[in-house]
Structures are given as C-alpha cells and as structure tokens.
Amino acid sequence: MKLFEGKKPLFIAHRGFTPVAPENSLVSFKEAAKRKFWAIETDVHTTLDGVLVCCHDSSLKRTYDVDVIIEETTYEELKKYRINSGNNVEKIDADMLRMPLFGEYLTICKENGCVPFIETKGKVVPHVLEMVGKMGLTEWSVLSSSKYEHIVEARNLSNIFIHHIFSDYEKMLEISKMGNGGVSYNYPNLDDVPDGLIEETHKNGVKVCLRAGDNEESVKRMMEMELDYIPTNCTEPK
C-alpha cells in the first residue's frame, strides 16, 4: 500500500493516543497502534551521547518534573526518570513511563502498520533518516518540522515525504518544487482559512492539513475541505 492510500480520513495520533496515556510515552504509542491510527506522531531529540529519544520539549521539566535538558544529558541518565503527568499516569507500570527510544517507537509503528510521523527537534535529521532507512520505512514515513531548514536538509538527503509545520504560501511553493511534500497551515479556526488556499495547495501537488480534528464537527469540516490527513489529540479512527 502506498503512503496515502487507505480509508479516509487518515488520522494522525498527535504524540500518541493521549486520552488514555501520557504524551510521547510507550503506552500512548501502543494505544494509538491498537486503535489503528493511520499515523502516530512523535517528537525526536538527541541525547548528549547521540541517542535518539521521543519527547516534545527539550527539557524534562513539564512532563517528567525534573530540570534536565535532553541534549545535555546521556541516555543512561535520562532513562532513570519517569513521566509523572498525563492521563492515567498513576495506573501505568513505571518502566512504561521511561523516555522512549526512537527505535522503540519505529518498531511499534512498523509492527502495527502505522505511518511514523516524525517531528525533528535539534540536530537529528541525518540520524533519523538513517534509522528510518535501516528499518525499511523511508517510503512509509513522514519527516515533519516547523524548522524549514530541517525540511531542506531532509530533502537533500532523502526522498522521504516531508511536511512543513505552520507553513505559508511561499514555503508551500518551495516544497512543491522539492516534490513529495505537504504542509500544515496555522489556522486553529477553520473559518479563518483563506478562500482557495487548500485548492491552490493541491494544484501545486502539495498535501495539506490543519490542526486539529479534536471533535466530530471539525473532522467533518476537514473532510469537506478535502484535507489529506488529520492530526488529532482525541478523536479515534472508529
């Protein structure tokens, strides 16, 4: 099956399925896979000793409640900490609350047929592409970033599908020239999307989404707008 084939809408579990488990945890990834999401999104940082891990913030303060910077800390040190905020955190086994390795996340996606939707943070693009390639997932993955330089770097190294977060019309045209790419526009209110923007994006061969399909009404609107995939924090594919 090609990347964008499958039953519509194509839902992306943002940081895993967070209604039942903390964001970017092994449990949230597994719960998203269990619910047969088209894609599972995560955020990737590198540790001081070059290990790729899944966490949204550069610091552990918000989700682990320790004042530690990932890029300044070895993985041996990081794996001692446990996520202590998020849904059902008190019910989850402690080992499932350690910081996930990027390789563990990729394995969950591969074994369950979910697209890895990978947001790169820090200097990780070449290492991410290398690991994705070794697992045979290059044509079944999305490399996503709000940092346009990451998008350019990824395209220079690979033909992986690229996705620019909070893009604009000019960047969309550049991605059109690169090929095999998509964008998300920063319009939280769907009524604010300029007339013709989605159609123009599609005319340029670029796929598009908006954030986020967190209720039935917004999902229906997004489908009517013919968005290509739908990030969500809570809506299940069923």
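Nearest heavy atom pair, residue Asn88 against residue Val20, reads ND2-O, 3.0 Å. When every heavy atom of Gly16 is checked against every heavy atom of Phe29, the shortest pair comes out as CA-CD2, 4.1 Å. Shown here for Cys114 and Ala33, the closest heavy-atom pair between the two residues is SG-CA, 3.9 Å. For the residue pair Met172 and Tyr185, the shortest heavy atom distance occurs at CG-OH, 3.4 Å. For the pair Cys54 and Phe102, the tightest heavy-atom approach, listed with the atom from each and the gap, is SG-CA, 3.8 Å. In terms of heavy-atom proximity, Tyr75 sits nearest to Arg98 at OH-NH1, 3.8 Å.
To the nearest 0.5 Å, atoms NZ (Lys147) and CD1 (Ile165) are separated by 11.0 Å. With rounding to the nearest 0.5 angstrom, the CZ atom of Arg15 is 9.5 Å from the OG1 atom of Thr42. Between atom CG of residue Leu101 and atom CG of residue Leu106 there is a gap of 10.5 Å, rounded to the nearest 0.5 Å. Separating the CD1 atom in Ile40 from the OG atom in Ser28 is a distance of 8.0 Å, to the nearest 0.5 Å. Considering CD of Glu119 and NE2 of His150, their distance stands at 10.0 Å, rounded to 0.5 Å. A distance of 7.5 Å separates CG of Asp168 from NE2 of His164, quoted to the nearest 0.5 Å.
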Requested in this report: Begin with the C-alpha distance, continue with both residues' side-chain angles, and end with the deciding distance and a verdict on side-chain contact (heavy atoms from CB on, under 4.5 Å) for Val142 and Ile160.
Outcome: CA-CA 7 Å; Val142 175; Ile160 194 171; over 6 Å; no
Query - side-chain contact (heavy atoms from CB on, under 4.5 Å) assessment of Glu71 paired with Lys121 - result: CA-CA 10 Å; Glu71 292 188 355; Lys121 305 285 184 77; over 6 Å; no
Query raised in the report: side-chain contact (heavy atoms from CB on, under 4.5 Å) between His163 and Ser184: does it pass, once the steps are laid out?
Result: CA-CA 7 Å; His163 175 84; Ser184 63; 3.6 Å; yes
Query raised in the report: Does the salt bridge (charged side-chain N to carboxylate O under 4.0 Å, His left out) test come out yes or no for Glu199 and Lys203, once each step is laid out?
Result: CA-CA 6 Å; Glu199 292 82 356; Lys203 284 180 182 178; over 6 Å; no
Query raised in the report: When you look at Cys55 and Asp43, which way does the side-chain contact (heavy atoms from CB on, under 4.5 Å) test go after all the steps?
Result: CA-CA 5 Å; Cys55 186; Asp43 311 271; over 6 Å; no
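Looking only at side-chain heavy atoms (C-beta outward), Thr201 and Val183 come within less than 4.5 Å of each other. Between Arg82 and Asp95 the shortest side-chain heavy-atom distance falls below 4.5 Å. Leu3 has its side chain out of reach of Glu139: every pair of non-hydrogen atoms, C-beta onward, lies at least 4.5 Å apart. In this structure the side chain of Trp38 never reaches within 4.5 angstrom of the side chain of Pro237, judged on heavy atoms. In this structure the side chain of Ile12 never reaches within 4.5 angstrom of the side chain of Phe37, judged on heavy atoms. With a 4.5 Å cut-off on side-chain heavy atoms, Tyr105 and Val44 do not count as touching. Counting only heavy atoms from C-beta outward, the side chains of Phe17 and Val27 never approach each other to under 4.5 Å. Two residues are said to be in side-chain contact when any heavy atoms from C-beta on lie closer than 4.5 Å; Lys79 and Met99 fail this criterion.
Asp228 and His202 are linked by a side-chain donor-acceptor pair at a separation below 3.5 angstrom, with hydrogens and angles left out of the test. Between His56 and Asn24, the side chains place no donor N or O within less than 3.5 Å of an acceptor N or O (distance only, hydrogens not considered). Between the side chains of Thr232 and Asp214, a donor-acceptor pair is found at a separation under 3.5 Å. Between the side chains of Thr47 and Asp49, a donor-acceptor pair is found at a separation under 3.5 Å.
Hydrophobic clustering keeps Ile69 apart from Val53 (ILVMFWY residues linked when any side-chain heavy atoms are closer than 4.5 Å, directly or through intermediates). By the rule that hydrophobic residues join a cluster once side-chain heavy atoms approach within less than 4.5 Å of another member, Leu48 and Val51 end up as members of separate clusters.
The backbone N or O of Gly103 lies less than 3.5 Å from a partner atom in the side chain of Thr107, making a donor-acceptor pair. Not one N or O on the side chain of Asp192 forms a donor-acceptor pair closer than 3.5 Å with the backbone of Pro188. Checked by atom type and distance alone, the side chain of Asn87 never pairs as donor or acceptor with a backbone atom of Ala21 at under 3.5 Å. Between the side chain of Asn215 and the main chain of Ser218, a donor-acceptor pair closer than 3.5 Å is present.
Glu31 has a carboxylate O that lies under 4.0 Å from a charged side-chain N of Arg35, or vice versa, which qualifies the two as a salt bridge. Of the charged side-chain nitrogens involved, none lies within less than 4.0 Å of a carboxylate oxygen, so that Lys61 and Asp67 do not count as a salt-bridged pair. A salt bridge is defined here as a Lys NZ or Arg NE, NH1 or NH2 lying under 4.0 Å from an Asp or Glu carboxylate O, and Lys220 with Glu216 meets this definition. With salt bridges taken as basic N to acidic carboxylate O contacts below 4.0 Å, none links Glu217 and Arg221. In this structure, Glu236 does not pair ionically with Lys36, as no charged nitrogen and carboxylate oxygen lie closer than 4.0 Å.
Relative to the six-membered ring of Tyr229, Lys207 misses at least one condition, a distance below 6.0 Å or an angle of at most 45° to the axis. Under the 6.0 Å distance and 45° angle rule, Arg211 counts as a cation-pi partner of Phe166.
Between Tyr148 and the options Glu153, Glu174, Lys171, a side chain to side chain donor-acceptor pair (under 3.5 Å) holds for only Glu174.
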